[in-house]
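Numbered from 1 within each chain, the chains take letters A, B, ... in sequence-line order. These numbers come from a predicted model, not from an experiment.
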Amino acid sequence: MSVKSFREAINEALRQEMERDPTVILLGEDIAGGQGGIAGGEGSTGNMFGVLKGLYEQFGAERVIDTPISESAIVGAAAGAALTGLRPVAELMFMDFFGVCFDQIYNQAAKFRYMFGGTCNVPMVVRGAVGAGFGSAAQHAQALWPIFSHIPGLKVVLPSSPYEAKGLLIQAIRDEDPVMFLEHKVLYNTKGEVPDEPYTIPFGEANITREGDDITVVAFGRMVQFCNEVADKLRPNFSVEVLDPRTTSPLDMEMIVESVEHTGRLLVVDEANPLCGMGSEVIGSVAIEAHGALRAAPRKITAPHTPVPAAPNLEELYIPSRDTIERTIREIIAG
Amino acid sequence: MSVKSFREAINEALRQEMERDPTVILLGEDIAGGQGGIAGGEGSTGNMFGVLKGLYEQFGAERVIDTPISESAIVGAAAGAALTGLRPVAELMFMDFFGVCFDQIYNQAAKFRYMFGGTCNVPMVVRGAVGAGFGSAAQHAQALWPIFSHIPGLKVVLPSSPYEAKGLLIQAIRDEDPVMFLEHKVLYNTKGEVPDEPYTIPFGEANITREGDDITVVAFGRMVQFCNEVADKLRPNFSVEVLDPRTTSPLDMEMIVESVEHTGRLLVVDEANPLCGMGSEVIGSVAIEAHGALRAAPRKITAPHTPVPAAPNLEELYIPSRDTIERTIREIIAG
Amino acid sequence: MKKPNQDLQSITELDKDTLLRGYRAMKTIREFENRISIEYAAGNVPGMTHLYIGQEAIAAGVCIHLSDDDNTASTHRGHGHCIAKGCELGPMSLELFRKAGGICKGKGGSMHIADVSKGMLGANAIVGGSSPLACGAALAAKTLGKPNVGVAFLGDGASNQGTTFEAMNFAVVLKLPMIFVIENNGFGEHTGVDYHVGSGDIAGRAAAFGMPAHKVDGTDFFAVADAMAIAVARARAGEGPTTLECLAKRWHGHYEGDPQAYRSKQEIENTRETADPLTIFRTKVSRSGLVSATELDAIDKEVATEIDDAVTAAIVAPQPDPSELLTDVYGSY
Amino acid sequence: MKKPNQDLQSITELDKDTLLRGYRAMKTIREFENRISIEYAAGNVPGMTHLYIGQEAIAAGVCIHLSDDDNTASTHRGHGHCIAKGCELGPMSLELFRKAGGICKGKGGSMHIADVSKGMLGANAIVGGSSPLACGAALAAKTLGKPNVGVAFLGDGASNQGTTFEAMNFAVVLKLPMIFVIENNGFGEHTGVDYHVGSGDIAGRAAAFGMPAHKVDGTDFFAVADAMAIAVARARAGEGPTTLECLAKRWHGHYEGDPQAYRSKQEIENTRETADPLTIFRTKVSRSGLVSATELDAIDKEVATEIDDAVTAAIVAPQPDPSELLTDVYGSY
Ligand SMILES: Cc1ncc(C[n+]2csc(CCOP(=O)(O)OP(=O)(O)O)c2C)c(N)n1
Ligand SMILES: Cc1ncc(C[n+]2csc(CCOP(=O)(O)OP(=O)(O)O)c2C)c(N)n1
Ligand SMILES: [Mg+2]
Ligand SMILES: [Mg+2]
């Protein structure tokens with residue numbers, strides 16, 4: 001156990017799995033830092049965010065594969081390779097690029113098992129950076145997990161801390177299904193305790209990050225940290241339970257419903273856009289499954305129904321804030 | 001006013017708008033039936049479903065443009081043309097093909113106005129066939145409107161009848177924003193009264209197709225017809241109000257909430273997959289905005305979280321059925 | 001390196017067993033498809049179906065060089081590839097009729113029929129879907145140090161899809177053991193290849209990506225098999241990808257039921273008379289004296305029985321169990 | 001038709017005004033970008049920024065032939081295209097600093113800067129995004145019977161994206177008045193063009209789609225301008241698209257702050273010394289005697305002032321009003 005950054009936790013998960021299993025390969029753009037083509041360089045930066053640092057040096061060009069800028073080929077090749085003996089981990093530098101290659105994810109990889117009558121496994125991971133807060137504007141800062149979660153056949157993972165990142169990524173690599181692994185770019189530098197040895201965190205099991213009795217706050221991804229901070233601040237006046245579902249598909253509605261039945265109040269905090277988003281999903285499911293359990297109207301805090309703006313002050317307004325979370329919790333409890 | 005099929009209603013909308021406005025063009029695969037390239041043919045079938053029949057003959061190859069199988073080029077060209085003086089109506093034969101061209105829809109067309117600070121209009125329509133019930137299996141039968149509705153900047157239209165189809169399509173063509181126009185393939189042959197002259201139906205205004213007091217049933221697309229039939233069958237024992245939102249973005253939550261406040265019960269029926277779908281959205285929003293208005297737990301009937309199966313018996317089970325709708329309404333009212 | 005357009009000697013080079021296997025595949029495709037066409041018209045086959053008739057020599061000539069460990073990714077017009085790749089007619093028929101016991105349990109149907117155990121990674125209802133997938137199989141072979149290849153079947157229409165071009169460059173850059181088999185059958189749906197390929201030269205486009213690309217007579221089993229032999233040898237030797245543009249004609253409509261208003265009756269008749277891969281095969285082998293007509297006739301008979309058995313059984317077979325709706329979405333969830 | 005690789009006479013053919021406009025564009029790009037680089041390092045520019053320095057002759061040589069009604073779609077490296085296309089420095093600066101009054105109200109930033117009224121359809125943060133969009137503009141011009149063209153700027157890296165290939169075939173099939181300007185600056189991010197383009201020949205790939213495709217010295221304003229003259233004339237005459245592969249070098253890192261570990265310091269220094277589009281321009285025009293160094297020096301001074309005014313104003317300008325978060329999503333909703 002030692003303190004590692006979110007970036008390091010991901011790196012360690014990949015390295016340990018690659019050491020353990022020779023069928024795990026990485027492919028993507030600039031993941032070997034252009035080492036495939038250029039002499040005279042000083043070594044790979046390990047992708048745009050430095051997440052893969054050292055992996056090219058350790059595993060070589062055969063397993064850390066730089067590709068042309070051709071996301072359909074990258075993800076499609078990962079899907080084809082997953083059918084034929086590898087466990088590929090494909091990288092979309094920014095998950096926002098899914099628009100040029102989604103067919104290979106949602107119509108191909110996600111549906112193989114069903115279309116083929118269960119005669120195959122599709123053990124692949126598509127990793128990519130998500131989220132706002134980095135000033136990267138409309139096409140490099142989207143959340144997108146509600147879209148991926150809508151697709152049967154995909155699993156969608158949204159780690160909120162270094163510990164989660166490592167355990168969930170190892171699970172994703174060992175999983176027999178295609179997994180979208182979403183790395184919030186603002187989290188890369190956050191630090192936390194991470195075991196040195198490999199471990200897995202099962203999918204579909206929410207994590208209670210704060211126990212409480214007055215309200216259930218379901219928070220996704222980066223918002224878990226925000227909600228934890230608010231919960232700590234409000235204590236002991238208010239006892240706020242914070243749940244981190246960790247995967248949006250499967251989504252642990254069981255634990256959410258259990259918590260809501262205990263607290264009688266519900267707030268969902270998510271950075272994704274609102275329409276057909278996680279807030280709607282969680283609140284809708286609670287309304288269906290636990291009608292009558294809510295003592296107050298449930299609320300959701302999400303990004304607005306707008307693209308991500310470039311201006312820093314607007315981007316800050318775009319992202320749910322600790323202040324809004326705190327105010328909303330107070331309002332719900334005040335009734 | 002005369003009886004027309006859904007197919008004819010769409011055809012008429014396109015024809016009338018093309019007659020009215022020379023900047024309206026159509027582009028897509030085989031929409032001119034290959035007339036661009038082949039001598040000796042007997043005329044254009046007018047796309048795979050015969051929806052565009054006669055338009056090539058009337059407007060010629062300059063305005064009914066056959067393209068190579070290159071959806072990114074088709075939709076991207078539509079977006080570029082929309083910025084520079086045309087009102088393109090691009091066709092995706094099956095909306096399921098969005099996976100190879102979604103970037104040009106969701107990152108480009110949908111975001112131009114915002115990214116460019118409001119300095120442009122993007123008057124384009126992407127038409128395409130959606131829905132199961134045709135035996136076309138996993139990659140040609142998806143609903144997809146929850147995904148499109150999640151994207152800020154897109155409008156999403158889901159006509160449930162020939163009347164709706166014509167009025168909504170004319171509105172879509174005249175609209176200054178990119179519109180996803182989803183044609184349920186099983187509806188093409190359904191008939192209904194359709195005015196001969198052009199007319200528009202505004203977006204974001206739900207249509208009450210059956211008035212009632214006991215329960216609000218919100219139904220989307222093809223499901224409107226199913227729910228109407230069930231409502232008629234249950235009368236006079238149960239008084240079922242059926243709402244057809246007609247557009248999923250914007251979504252007329254105001255009228256839905258009003259209806260729920262009147263009936264105190266809610267069922268959402270949708271053919272799309274459940275996670276982050278319309279059922280979650282509607283029920284979630286009602287829970288937030290009209291907490292306490294519901295006398296019974298709300299319910300949703302959707303496709304399961306699976307791809308569309310090929311076998312006819314499984315496909316029938318996949319699609320929400322009149323029986324399930326009836327049974328569920330009875331259960332909700334029974335409490 | 002040997003070039004496929006040089007004078008070919010393969011009739012004498014291929015052993016008799018291979019010749020008979022190739023013929024059997026072609027004949028099976030032809031008669032199976034003819035039967036499916038009849039059953040489709042009779043309303044017995046659910047959904048859309050695209051027939052391969054006229055292109056038999058391509059699937060057969062390509063797959064004659066492949067084992068179960070060589071992986072192919074196919075198209076919406078995939079029955080021929082299945083048969084040539086060794087899928088069994090019984091489960092195939094059940095699948096096309098969408099019945100219990102189908103290769104995909106009836107959940108895939110014509111456009112998603114697959115048998116991964118046979119290296120058939122699926123028909124594909126997305127035009128252009130096959131090439132990236134086959135590249136993945138080629139990448140797996142390369143990474144695992146196996147001598148196998150990936151083969152993408154695709155049409156002239158699919159050759160315009162961005163995924164195809166990406167895959168070509170990708171395969172060249174990574175020197176993958178890949179073969180792109182482009183079946184130029186004159187049409188993408190209703191649209192002629194002369195219209196939709198701007199350069200008029202599909203193989204030329206592929207060559208510009210930096211790989212050998214050959215135009216081959218796709219109605220001639222031997223022309224295809226010879227070109228494929230070279231491509232496969234190159235791939236297995238680690239020298240990288242090849243494209244074969246195989247020219248043939250689609251005999252039927254794009255899908256069963258297509259009225260083909262865009263095409264003259266005369267052209268269709270001409271095609272059937274002058275470009276029949278089975279006739280061409282028979283003529284060539286009989287001239288070579290290697291195989292007798294009697295031997296081929298015997299195959300014809302066996303094939304007819306086999307098809308009739310498979311299809312008849314499929315027609316009367318039960319539909320999948322309703323519980324199948326919810327299975328096979330995930331390995332675990 | 002005239003070929004761009006013949007001996008070019010454009011220095012004497014282009015009128016003096018055009019020459020000065022071209023120089024002014026290049027100098028403005030250079031100095032503006034130098035200033036942005038400084039401000040970026042000082043932490044004044046939010047988000048990521050990709051600088052165009054080293055490629056000035058491409059934007060300038062291309063845009064010298066375009067009016068506001070000719071539309072260009074650009075890339076993540078789009079400031080140079082903006083300036084050459086006539087966007088004003090004041091609103092541009094405000095946009096890069098993401099301030100109120102920016103061309104896009106501060107909501108676009110460096111990677112989405114656009115001025116549709118100037119025929120600049122936006123920088124684009126999606127590699128390969130530009131070509132389909134520019135085809136749309138070309139299609140609009142063709143449909144409306146206007147003599148205008150669509151121009152897609154894209155990089156060597158973007159030349160591998162499926163959208164690019166699709167657009168090329170699309171433009172040839174529809175005979176669009178399009179010019180694909182591929183700026184081969186040696187790298188896609190960290191990866192060298194020798195690695196990522198399998199054939200090693202980007203123009204050759206474009207030519208295989210059935211259009212003229214020329215390799216041009218992208219550090220030489222005259223070479224670019226001449227090739228573009230021919231391409232534009234061809235497009236305006238309704239003869240279809242052209243590709244120009246313009247060779248230049250990226251002087252800075254991929255983005256500001258890129259440590260460029262993949263590249264030797266020596267190469268970077270060499271590049272600056274031997275491939276400076278401004279020096280090359282000055283040398284050529286001074287030899288021609290058409291423009292004096294004094295005239296160019298005067299432009300330099302004006303440009304310096306203009307940039308300083310624009311950037312200084314942008315730095316102190318207010319941020320967008322918070323209400324702007326919710327506006328401009330739809331025309332109506
Ligand atoms: C991405 C995508 N676009 C369009 C279609 C519709 N479609 C199905 S088959 C086909 C024609 C394909 O032509 P070609 O590749 O030549 O194959 P062929 O049908 O001739 O075998 C089209 C356009 C599709 N299935 N997928
Ligand atoms: C679809 C997509 N894939 C990847 C990226 C990340 N990316 C941004 S710029 C770039 C390199 C582009 O190289 P090139 O086209 O040569 O342009 P240059 O940066 O050299 O101007 C990459 C990979 C992206 N923005 N969009
Ligand atoms: Mg074809
Ligand atoms: Mg470059």
Which atoms of B:Phe134 approach chain C - backbone, side chain, both or neither, heavy atom under 4.5 Å: backbone
Minimum-distance pair of heavy atoms, taken over all atoms of B:Leu317 and C:Pro322: CD1-CB, 3.6 Å
Any donor-acceptor N/O pair, B:Asp30 side chain to C:His190 backbone, under 3.5 Å: yes
Option in B:His305, B:Glu71, B:Glu315 with maximal non-hydrogen atom pairs under 4.5 Å from chain C: B:His305
C:Gly109 versus B:Ala310, closest heavy-atom pair with distance: N-CB, 3.6 Å
Sidechain-backbone polar pair: B:Ser70 side chain, C:Asn160 backbone, donor-acceptor under 3.5 Å: yes
NZ (C:Lys118) with more than 12 external heavy atoms under 6.0 Å: yes
Neighbour count >12 (heavy atoms, 6.0 Å) for atom CD, B:Glu316: no
Side chain / backbone / both / neither for C:Tyr333 at chain B, heavy atoms under 4.5 Å: side chain
C:Glu88 atom CD, over 12 foreign heavy atoms within 6.0 Å: no
Considering all heavy atoms, the nearest B:Ala137-C:Gly108 contact: CB-O, 3.9 Å
Flag, side chain of B:Gln139 to backbone of C:Ala125, donor-acceptor distance under 3.5 Å: yes
Atom pair CG (C:Asp321) and CG (B:Asn313), whose distance is rounded to the nearest 0.5 Å: 8.5 Å
N/O donor-acceptor pair under 3.5 Å between C:Tyr195 side chain and B:Thr67 backbone: no
Distance (rounded to the nearest 0.5 Å) between C:Leu326 CG and B:Thr306 OG1: 6.5 Å
Between C:Gly47, C:Ser110, C:Gly102, C:Ser159, the one whose heavy-atom pairs under 4.5 Å with chain B are most numerous: C:Gly47
Donor-acceptor contact below 3.5 Å, side chain C:Arg98 vs main chain B:Pro309: no
Distance (rounded to the nearest 0.5 Å) between C:Ile126 CD1 and B:Phe97 CZ: 5.0 Å
Sequence-distant partners of C:Asp328, side chain to side chain donor-acceptor pair (under 3.5 Å), two or more places apart: C:Lys105, C:Lys107
Approximate separation, where rounding is to 0.5 Å, of C:Glu189 CD and B:Glu29 CD: 7.0 Å
